[in-house]
2 protein chains.
Amino acid sequence: MTAGRRTGLHAVAERAGVSVSLVSRILSGDDAVRARPETRERVRAAARELGYQPHGAARALRLARAGALGLVVHDMSNPIHAEIIRGAQAAATDRGQVLLLSDATQLAGNDDAFAQLLGPGRIDGLMWQGSGEEYDDELAARAAGRLPTLLVNSRSRAGVPALRLDDERAARLAVRHLVELGHRDVAYLGGRPGADLTERRRAGYAAELAAHDLAERPQWTVELEWDAPAGYAGMTRLLAAEPRPTAVFVANVVVAVGALAAAREAGVRVPADLSVVAVHDAWFVAHGAPPLTTVRLPLHRLGDMAVSMLLDGDQARAADGLVIDDPAPELLVRGSTAARP
Amino acid sequence: MTAGRRTGLHAVAERAGVSVSLVSRILSGDDAVRARPETRERVRAAARELGYQPHGAARALRLARAGALGLVVHDMSNPIHAEIIRGAQAAATDRGQVLLLSDATQLAGNDDAFAQLLGPGRIDGLMWQGSGEEYDDELAARAAGRLPTLLVNSRSRAGVPALRLDDERAARLAVRHLVELGHRDVAYLGGRPGADLTERRRAGYAAELAAHDLAERPQWTVELEWDAPAGYAGMTRLLAAEPRPTAVFVANVVVAVGALAAAREAGVRVPADLSVVAVHDAWFVAHGAPPLTTVRLPLHRLGDMAVSMLLDGDQARAADGLVIDDPAPELLVRGSTAARP
DNA sequence: CTGAAAGCGCTTACAG
DNA sequence: CTGAAAGCGCTTACAG
């Protein structure tokens, strides 16, 4: 009666005329509590009327569970990364968790920010988007020492469990498409040399060529970086190769944007003179000149699965790297591939 | 001595041989505490050795401050939005805050998620990316009733303070560029009808035409949606207009991607037959066919400022809508604009 | 100058 | 079947 402005559970308890403990138990659906239906309803009504919402920090403190997951990404303006984020976001919301977003580059340069993120009471698990940067392995490993951590879109590195896509299969799908169009001289335009992703896609490319008894030539493999300018530079180099390939498999759609521009400026017509196929689909490819043929991979699912595994404490299942292959890689044929000239 | 596994402040205090209170005060740099330099150093050392990191939830509970800001966005794969997020992310990290990311569409369909986000102990302020969707105003207004809220990239709506860019000026800059190239028949290709953004940009377009005594014609204004397919459809319509414009000002670079594709397919050469200029710069425009002339706006700054104002409790300054105009809009001339045919 | 105590809002053994 | 009490890790008036 003395109360007054008490908030939260206390206010609900007062209004319903029961104890705070009982309110807590009823509201959290504790099975053990066998309150009379009437009491139960009174409590529920009070909570509704007061718009009761549990205090996030208090609950986190008490339960030693933050109710939040961290997601460290590299470059959010990359549409591929955005799709992973969306998948993670959706899954987190579905499961009543919130998502804390961080930028890898910033974290790498700011020890305090990194320590704060990993510190107690902030997040219950961390997803780290792999990129092949040197500092990534170190930071992710440090994180894994403190809380459940999952590398996303990478193979397992530095002992950190990882989720990845079926890059080899995507690559083979793309290259097979080119071969079926009659191409025999197929080049590989990758991403940053040494990065998992580019190596796995190159492996798929090589395997598919081998399966058709086609030659791989050193001058037909170019790996520079994961961005459009690198695609431009890489394609420029491939166009100067002797002999010149009639088709190029590009490891990433962002790289392909630059590659197409280079071909265009060199007066090489795609697909009449040169076929181009890239990994990943994105909103802009259908409107490109020409519209790009791509392989779609389940990026959304990747983010989604990462969240589920962390929340289920299941990340050990990915200790050796787990491949997300459902839905399967899908070839989307558009205007950038055609029969060999 | 009995202790054992106590963690946090308690462990530090034990190791340094002082009280928990003193550790708290020394570590948080309380001026009032005048501990001997030696004690101070001993405490600092103990904290360092134990890798002490304050418990986020405990601190949030005690201080009634979450140390986090929320950011609700619409479509993260949109590079414009990504840039705003990056700005907000950087500012938040700089100021020792974390950023909680949410998706507007998801929140609109999930009352529990919305309530949880706004509930006590989660975030201290909220940024809501304006989009002109019907539900946006309502949700943002509800948020503003509970905690400091800022609409981002929108004018103030439903009484919620807002930060926006200098859209009018950007539009005038773009249109002036076209006029200076000799164009007199300039069309406007906007975004979703009724949305702030498209109206402000159309106003700038109209003002600049008027300043040059140029005619605006109803058939030269098309507003459909903020995506590439809408740009495609819109440009198709403009190309059929009588008389046909010789230049198009596009309100958004994403829309412009579709618009360029439509022109290309219609056999209209850009810039020889038609000049195109768009608002916002993005990584892919330089590699387009042709490379787009754009107006760059301080998107990064927008996110940055939103965070600063919320943390400084300054959002009231934006009650009537505050224009971020520093750095000023900048015209980047590339290959999609040329003298009137 | 430093410490003991209260309390932020919750949950959950433990009593009754 | 329900309540009083302890305690999660912190900060900060209040004592001494």
Side-chain angles (χ1 to χ4, degrees), chain A residues 2-44 46-47 50-67 96 116 119-122 124, chain B residues 2-44 46-47 50-67 96 116 119-122 124:
Chain A
T2 73
R5 292 274 129 247
R6 288 299 291 253
T7 111
L9 237 32
H10 189 102
V12 177
E14 203 167 66
R15 175 178 263 250
V18 297
S19 76
V20 168
S21 334
L22 190 53
V23 175
S24 171
R25 285 192 272 241
I26 288 178
L27 258 31
S28 66
D30 184 342
D31 291 338
V33 69
R34 229 163 321 172
R36 286 173 309 183
E38 185 207 304
T39 310
R40 201 181 286 271
E41 193 34 59
R42 215 169 57 241
V43 167
R44 290 233 149 82
L50 294 170
Y52 172 71
Q53 197 61 31
H55 191 289
R59 183 173 257 175
L61 177 60
R62 177 61 232 242
L63 297 178
R65 221 168 4 81
Q116 192 204 9
R122 276 287 178 204
D124 302 316
Chain B
T2 73
R5 293 276 128 243
R6 291 298 291 253
T7 109
L9 237 31
H10 189 102
V12 178
E14 203 166 65
R15 175 179 264 250
V18 297
S19 74
V20 168
S21 336
L22 190 54
V23 175
S24 171
R25 286 192 271 242
I26 288 176
L27 258 31
S28 65
D30 184 342
D31 289 340
V33 68
R34 229 162 322 170
R36 284 173 312 181
E38 188 207 301
T39 310
R40 200 181 287 270
E41 192 34 59
R42 213 168 58 242
V43 168
R44 291 233 147 81
L50 293 171
Y52 170 73
Q53 197 62 31
H55 191 288
R59 183 173 256 176
L61 177 59
R62 176 63 233 241
L63 297 178
R65 223 172 356 86
Q116 192 204 13
R122 276 288 177 204
D124 301 315

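All values below were derived from every heavy atom in this structure, side-chain atoms included, with hydrogens, water molecules and symmetry-related copies excluded. In what follows, chains carry the letters A, B, and so on, assigned in the order in which the sequence lines appear, proteins first and then strands, with residues in each chain numbered from 1.
- From Gln53(B), atom CD reaches atom CD of Gln116(A) across 7.5 Å, with rounding to the nearest 0.5 Å.
- With sequence neighbours left out, the salt bridge (Lys or Arg N to Asp or Glu O under 4.0 Å) criterion links Arg42(A) to Glu38(A).
- Picking from dG9(C), dT11(C), dC10(D) the nucleotide with the shortest atom distance to the side chain of Arg62(A) gives dT11(C).
- Comparing dT12(D), dT11(C), dC10(D) by their nearest atom to the side chain of Tyr52(B) picks out dC10(D).
- Under the side-chain contact (heavy atoms from CB on, under 4.5 Å) criterion, Ser19(B) pairs with Ser21(B), Leu22(B), sequence neighbours left out.
- Atom P of nucleotide dT12(D) and atom CG of Leu9(B) are separated by 12 Å, given to the nearest angstrom.
- Pro120(B) comes within contact range of no nucleotide atom at all, as no heavy-atom separation falls under 4.0 Å.
- Distances shown here put a side-chain N or O of Ser24(A) below 4.0 Å from the OP1 or OP2 atom of dT11(C).
- Among the protein residues, Leu22(B) comes within range of the sugar-phosphate backbone only, with heavy atoms under 4.0 Å from sugar or phosphate atoms but none that close to a base.
- Taking atom CZ of residue Arg65(A) and atom C1' of nucleotide dC10(C), one finds them 12 Å apart after rounding to whole Å.
- With sequence neighbours excluded, the residues forming a salt bridge (Lys or Arg N to Asp or Glu O under 4.0 Å) with Arg15(B) are Glu49(B), listed by chain and number.
- Helical stems of DNA chain C (runs of at least 3 Watson-Crick or G-U pairs, donor-acceptor distances under 3.5 Å) are listed by first residue: C:1-3 with D:14-16, C:5-12 with D:5-12, C:14-16 with D:1-3.
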So which protein N/O to nucleotides 13-16 of chain D N/O distances come out below 3.5 Å?
| from | atom 1 | to | atom 2 | distance (Å) |
| --- | --- | --- | --- | --- |
| dA13(D) | N6 | Arg25(B) | NH1 | 2.7 |

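- If you check every strand for non-hydrogen atoms under 4.0 Å, Leu61(B) touches a base.
- Residue whose closest nucleotide on DNA chain D sits further toward the 5' end, between Ser19(A) and His55(B): Ser19(A).
- Atom NE2 in His10(B) sits roughly 11 Å away from atom P in dC10(D) (whole-Å rounding).
- The distance between atom CZ of Arg40(A) and atom P of dC1(D), rounded to the nearest whole Å, is 11 Å.
- Under the rule for a salt bridge (Lys or Arg N to Asp or Glu O under 4.0 Å), Arg40(A) has no partner lying at least two apart in sequence or in another chain.
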